[in-house]
Structures are given as structure tokens and as C-alpha cells.
Amino acid sequence: MDSGSVERPVTMREAAVEPISDKGSGTVCDEATLAELEVLLGRDHLKRLLSLLVVEIHVRFPAGNDDRTAIAQDAHALLASSGSLGFLDLSRCCSVIEQACLKGDDIAIPLQKGRVAAARALTALAALGVRE
């Protein structure tokens with residue numbers, strides 16, 4: 001930046017740097033969704049919602065829980081909140097977990113993939129400067 005430039009606030013979209021994703025893993029966070037939400041809600045309100053998502057990610061799918069009903073409920077709640085905020089990979093994983101629970105299918109692999117997607121979402125949220 002040259003000395004005559006005026007620094008302006010960075011938008012959530014710019015903070016995302018890229019469609020936050022890992023090679024071959026799908027989009028962690030859709031930057032267009034973040035940008036639209038920032039315009040609609042304002043940056044401060046969006047950051048509060050993203051902070052709530054961080055908390056929610058931390059409380060869902062605790063290790064050692066084998067209650068399929070609770071896991072399905074956790075998946076459904078996280079599917080909705082993560083999807084509405086643009087964390088599409090996590091939302092998709094939660095959908096798979098919920099459906100596996102409801103159908104009586106094995107949930108070990110979907111749950112592991114969901115935990116990986118949750119960790120990736122937390123990394124992306126940290127990159128955006130979002131904290132609990």
C-alpha cells in the first residue's frame with residue numbers, strides 16, 4: 001500500500017481470501033453467502049452469529065455419545081445453522097448424519113466426516129477472526 005492510500009475496513013468476504021476450501025473437500029464456507037449476510041445484517045451482527053456457530057460446533061457431537069436420537073437432533077440443528085451461514089460442507093455432512101440416524105444406518109463414517117467438517121469450519125471461522 002502506498003503512503004497516500006486510505007485503509008478501509010475489510011469485509012467478511014475479503015477476509016475469507018478465497019472460497020474457503022480445502023483441495024478435494026468441498027467448500028468450507030461460501031464467501032458470497034457471507035458477503036450477502038454482511039450487507040443484510042451488518043458486520044457486527046454477522047460476527048455475533050458466527051460466534052454462536054463456533055459455540056454450537058463445540059457442543060454438538062460430543063465424543064462417547066451413542067444416542068442416535070440426540071445425534072440426529074444435533075445434526076439437524078447444526079445443519080440448519082451452518083447452512084444458513086454459508087458453511088455448506090458442514091451442513092451437508094450434518095444432513096448425511098441425520099439421515100443415517102433416522103434410517104438406522106451405520107453412523108461411524110458420517111460422524112467422523114462431520115467432525116472433520118466441523119474442525120475445518122472452526123479453522124475458517126478463526127481465519128475470519130471469529131471467536132466464541
Side-chain angles (χ1 to χ4, degrees):
M1 187 183 285
D2 66 44
S3 60
S5 298
V6 176
E7 215 172 296
R8 62 182 175 80
V10 176
T11 65
M12 296 298 279
R13 183 178 193 155
E14 291 166 331
V17 181
E18 60 181 81
I20 304 170
S21 63
D22 292 337
K23 281 187 175 178
S25 306
T27 301
V28 175
C29 183
D30 179 50
E31 68 178 77
T33 299
L34 283 180
E36 184 176 343
L37 289 171
E38 186 175 7
V39 168
L40 292 171
L41 304 173
R43 184 181 190 141
D44 290 340
H45 187 68
L46 176 57
K47 283 195 101 166
R48 280 192 298 275
L49 291 174
L50 292 171
S51 292
L52 290 173
L53 179 60
V54 169
V55 172
E56 188 170 6
I57 289 170
H58 283 296
V59 301
R60 303 294 177 184
F61 312 127
N65 181 12
D66 60 355
D67 179 352
R68 293 174 76 87
T69 302
I71 292 170
Q73 290 170 345
D74 280 352
H76 183 79
L78 194 51
L79 173 152
S81 59
S82 62
S84 66
L85 292 171
F87 287 80
L88 307 178
D89 186 45
L90 178 56
S91 184
R92 280 188 287 269
C93 286
C94 288
S95 177
V96 171
I97 293 167
E98 181 183 27
Q99 290 304 309
C101 286
L102 295 174
K103 292 177 182 177
D105 293 344
D106 181 37
I107 61 170
I109 291 172
L111 199 53
Q112 177 59 31
K113 288 182 178 181
R115 287 183 174 132
V116 169
R120 292 174 59 227
L122 289 171
T123 299
L125 287 158
L128 294 169
V130 177
R131 294 169 187 69
E132 287 185 53

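The distance from atom SG of C29 to atom CZ of R120, rounded to the nearest 0.5 Å, is 11.0 Å. E36 contributes atom CD, which lies 9.5 Å from atom CG of D30 (distance to the nearest 0.5 angstrom). Atoms CD1 and CD1, on I71 and I107 in that order, are 3.5 Å from each other to the nearest 0.5 Å. Annotation: the span from R60 atom CZ to S81 atom OG amounts to 7.0 Å, rounded to 0.5 Å. In this structure, CG on L49 lies 11.0 Å from CD on E56, to the nearest 0.5 angstrom. Taking CZ of R48 as the start and CG of L41 as the end, the distance is 9.5 Å to the nearest 0.5 Å.
No chain of hydrophobic side-chain contacts below 4.5 Å, direct or via other Ile, Leu, Val, Met, Phe, Trp or Tyr residues, connects L122 to V116. The hydrophobic cluster containing F61 also contains L125, counting ILVMFWY residues as joined when their side-chain heavy atoms lie under 4.5 angstrom apart, directly or transitively. Linking ILVMFWY residues whenever their side-chain heavy atoms come closer than 4.5 Å, directly or via other members, leaves V54 and L79 in distinct clusters. Placement of V39 and L128 in two distinct hydrophobic clusters is found when ILVMFWY residues are connected by side-chain heavy-atom separations under 4.5 Å, directly or transitively.
The side-chain contact (heavy atoms from CB on, under 4.5 Å) test applied to D106 returns A108, not counting sequence neighbours.
Here the closest non-hydrogen pair linking S51 and V130 is N-CG1, 3.5 Å. Looking at every heavy atom in both residues, L37 comes nearest to S84 through CD1-O, 3.5 Å. Minimum interatomic distance between A118 and L90 (heavy atoms only, all atoms of both residues): N-CD1, 3.7 Å.
Side-chain contact between D74 and P62 is present, with heavy atoms from C-beta onward closer than 4.5 Å. L53 is listed as a side-chain neighbour of L78, based on a closest heavy-atom distance under 4.5 Å.
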May I have the list of side-chain donor-acceptor pairs in residues 93-102 shorter than 3.5 Å, sequence neighbours left out?
| from | atom 1 | to | atom 2 | distance (Å) |
| --- | --- | --- | --- | --- |
| E98 | OE1 | H76 | ND1 | 3.4 |
| E98 | OE2 | H76 | ND1 | 3.0 |

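Not a single donor-acceptor pair under 3.5 Å links the side chain of T33 to the backbone N or O of L85. Judged by distance alone, with hydrogens and angles left aside, the side-chain atoms of R68 form no donor-acceptor pair with the main-chain N or O of D66 at under 3.5 Å. Proximity of a side-chain donor or acceptor of S91 to a complementary backbone N or O of F87 within less than 3.5 Å is not detected.
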